[in-house]
Amino acid sequence: MIFAIGFSCGPAHADRRVALVIGNSAYKSAPKLGNPVNDATLVGGMFKKAGFDSVDVRLDLSASEMRRMLREFAGRTRDADVAVIYYAGHGIELEGTNYLIPTDATLETDGDVLDETIPVERALFAVEPAKQLRLIILDACRDNPFSKTMKRTLASRAIGRGLAKVEPTSPNTMIAFAAKAGSTASDGDARNSPFATALVEHLPKPGLDLRKAFGFVRDDVLKNTGYKQEPFVYGSLGGDDVALVPAKPAATGPQANPQDAIRRDYELALQLATRDGWEAFLAQYPDGFYANLAKGQLNKIAAEETRASAEQKANAAEQQKARLIAERAQKAEQDKAAAAAKAAEEARIAAEKQKQIEQARTEAAEQQRKVAEAAAAKAQAEKQAAEKARVELAARQAAEKASVEQTAKQAADRQIPEAGSQKVAALAPAPTSNLSATDLAKSVQSELRRVGCLSAAADGDWSAASQRSLTLFNKYAGTQLDAKLASVDALDALKTKPGRVCPLVCNFGFKADGDQCAKITCRAGYRVGDDNECEKIQEKKPVATRDDSRKRDQDRKDAESTAPKSQASGQMICNGAGCRPIAKGCRLGTTSHPSNPSYKIPAEICN
């Protein structure tokens, strides 16, 4: 019975993953490197967060310490499925063989390389017992200072630049270089090298094949180094995807809300309503929505304490005032006590007002918390309903496909084979959805309207406007859906979004207020400017103009040289240029002075 219980209830076997991380920076016979220790710490933390069973991070190791760590790690890989070694520091290539340089190496001659360094083959030997994957990552392609000062015992002996190309002989083995063979890598200007930063970004992605992951690492490093450094991978894997971190299983049941525990602790602290309770809550949850609410509660308590202290001081001042009056103290002392009592009363009133303000803020925050919790619960329920509908649809499609294949197989078995023994099986395509194309397009349009990406009505016509709306959703949701047609995948992706995705765009003179556009109202003396913000109206000052003296003199000379014409009206007009008769069809009148509109001057009016 014990054997049966153990057999039926034992946990499923999981792949065992082990990692060894080495970072050498403090070299005794060469300048200190800045990034290897930081890179090793960063990569070691990445392996720990990825759930490795054993992660050993070692910094600034000597030759004997590196040999001992590789020997101990080889023992741990015997029962492991995945074994990884990451090394950051100096490396050297001597006649086609790569060596890792410990911190105590001097390398005065090329013969010292064999005695004072660790060959890369020793690391390959340490990961060889792993059953599924053997991975070595070498961030050791830096410009090596030892090769410049090293004495050659043979003039023909070659010491290469960077590391040499490696071809692993064991199956399922990969060796990743920070830079391609024969080239050097850069430490960069930041705390970590570009290669280590890209590794931490892409390797721990669940379910991502290593070949794709290192391809993304290559692209990032090339971009960040101005296409001067190209990482390279040697070795080969099989046809199946090999991920450093297994893909997470899809959740089939309802998922627990991670905010539930925080909410329960918040409600407990709310029941206590003490300073110690809120300080304990903030120590446990220093950031987030509930932390802000807790800080508001602390402000409320502080306001109450200030009000009580002010009230106590006011009472003491009143007692002091009464005592001085009773003892018939001098008028100066009485006035001083009265002023102190007045100041204490004003402080009490101010504290009371502050308490009321904090009370109002707390109540508003509580209301916001309840609304946020309701929205989160609604979004979680919608997400679970969408996931359930997707699973049911996939199951129904699989069942229909199996039924069609079974029917086609039975029909093929009943056919009489022809002379050529040629077998033909007609398979009807399995339906992909129970919805028609019009209904599916209408459903997708309705979801696009809900997330704020479509303003037109959902009419089932997948027009250019609908395609632009789905393209806009891809931009802000980070998806890559085909916008040319309405698909079930697009409908599922839209249903997973609980609220607005596309930003609200308002016309000029309006601004976004939640999910609506509100008109911008400016106070007196201000107007809506070109940037859709209120700006002050600039007053225009009158500008005085002065007549051109040269033109005036010329007009006077022309008038004097021209013989006067006989006019039926007999009226004359005089100004600075002289006097002349009124033209035919015109009359004498007045007009405003150009520089002073309130002052009237004679003028010839012809219209």
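Model, not experiment: these values are computed from the prediction.
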Using only atom types and a distance under 3.5 Å, with no angle test, would you say the side chain of [X] pairs donor to acceptor with the backbone of [Y]?
| X | Y | result |
| --- | --- | --- |
| Asp53 | Val18 | no |
| Glu230 | Ala179 | no |
| Arg218 | Val233 | no |
| Thr362 | Gln297 | no |
| Arg307 | Lys355 | no |
| Asp81 | Gln132 | no |
| Ser25 | Leu33 | yes |
| Asp56 | Leu20 | no |
| Glu373 | Lys370 | no |
| Asn474 | Leu481 | yes |

Is the closest side-chain heavy-atom distance between [X] and [Y] below 4.5 Å?
| X | Y | value |
| --- | --- | --- |
| Thr197 | Val221 | no |
| Pro204 | Met46 | yes |
| Leu282 | Leu298 | yes |
| Trp278 | Ile301 | yes |
| Lys300 | Gln359 | yes |
| Phe214 | Pro231 | no |
| Leu222 | Gln229 | no |
| Pro286 | Lys295 | no |

Just checking [X]: does its [atom1] atom have more than 12 heavy atoms from other residues, nucleotides or ligands closer to it than 6.0 angstrom?
| X | atom1 | value |
| --- | --- | --- |
| Gln312 | CD | no |
| Glu305 | CD | yes |
| Lys336 | NZ | no |
| Lys383 | NZ | no |
| Arg500 | CZ | yes |

Would you please say whether a donor-acceptor pair under 3.5 Å links the side chains of [X] and [Y]?
| X | Y | result |
| --- | --- | --- |
| Gln354 | Glu358 | yes |
| Asn35 | Ser193 | no |
| Lys484 | Gln467 | no |
| Asn24 | Asp60 | no |
| Gln367 | Glu363 | no |

Salt bridge or not between [X] and [Y]? Use side-chain N to carboxylate O under 4.0 Å.
| X | Y | result |
| --- | --- | --- |
| Arg348 | Glu311 | no |
| Lys321 | Glu318 | no |
| Glu345 | Lys342 | no |
| Arg68 | Glu72 | yes |

[atom1]/[X] to [atom2]/[Y] distance, rounded to the nearest 0.5 angstrom?
| X | Y | atom1 | atom2 | answer |
| --- | --- | --- | --- | --- |
| Glu447 | Phe473 | CD | CZ | 9.5 Å |
| Lys131 | Arg16 | NZ | CZ | 9.5 Å |
| Tyr526 | Ile520 | OH | CD1 | 15.5 Å |
| Lys536 | Arg523 | NZ | CZ | 9.0 Å |
| Asp265 | Leu270 | CG | CG | 12.5 Å |
| Leu133 | Leu210 | CG | CG | 5.5 Å |

The test is ring pair (Phe, Tyr, Trp, His ring centres under 6.0 Å); show your working for Phe47 and Phe52 and say whether it passes. CA-CA 6 Å; Phe47 286 136; Phe52 271 58; 4.9 Å; yes
Ser443 and Ser446: CA distance, side-chain angles, deciding distance, side-chain contact (heavy atoms from CB on, under 4.5 Å) verdict: CA-CA 5 Å; Ser443 299; Ser446 299; 5.7 Å; no
I would like to know whether Glu535 and Arg527 meet side-chain contact (heavy atoms from CB on, under 4.5 Å); could you show each step before the answer? CA-CA 6 Å; Glu535 62 179 17; Arg527 64 180 179 184; 4.0 Å; yes
Give the C-alpha distance, both sets of side-chain angles, the deciding distance and a yes or no for salt bridge (Lys or Arg N to Asp or Glu O under 4.0 Å) between Asp459 and Lys442. CA-CA 6 Å; Asp459 54 1; Lys442 190 173 183 180; over 6 Å; no
For Tyr266, does the six-membered ring have the charged nitrogen or CZ of Arg263 within the cation-pi criterion, i.e. under 6.0 angstrom from the centroid and within 45° of the normal? no
What heavy-atom pair brings [X] and [Y] nearest, and what distance separates the two atoms?
| X | Y | answer |
| --- | --- | --- |
| Tyr86 | Asp139 | OH-OD2, 3.4 Å |
| Thr77 | Ala83 | CG2-CB, 3.6 Å |
| Ala344 | Ala314 | CB-CA, 3.6 Å |
| Ala317 | Ala341 | CB-CA, 3.7 Å |
| Ala126 | Leu70 | CB-O, 3.7 Å |
| Cys534 | Thr521 | SG-O, 4.2 Å |

Kindly indicate, with the supporting measurements, whether the criterion side-chain contact (heavy atoms from CB on, under 4.5 Å) is fulfilled by Trp462 and Leu470. CA-CA 10 Å; Trp462 193 250; Leu470 188 54; 3.8 Å; yes
Begin from the C-alpha positions of Arg264 and Glu267 and carry the test salt bridge (Lys or Arg N to Asp or Glu O under 4.0 Å) through to its verdict. CA-CA 5 Å; Arg264 288 193 297 268; Glu267 292 176 351; over 6 Å; no
What orientation do Phe281 and Tyr285 show, parallel under 30°, tilted 30 to 60°, or perpendicular over 60°? tilted
Give the C-alpha distance, both sets of side-chain angles, the deciding distance and a yes or no for side-chain contact (heavy atoms from CB on, under 4.5 Å) between Val127 and Leu135. CA-CA 8 Å; Val127 300; Leu135 175 61; over 6 Å; no
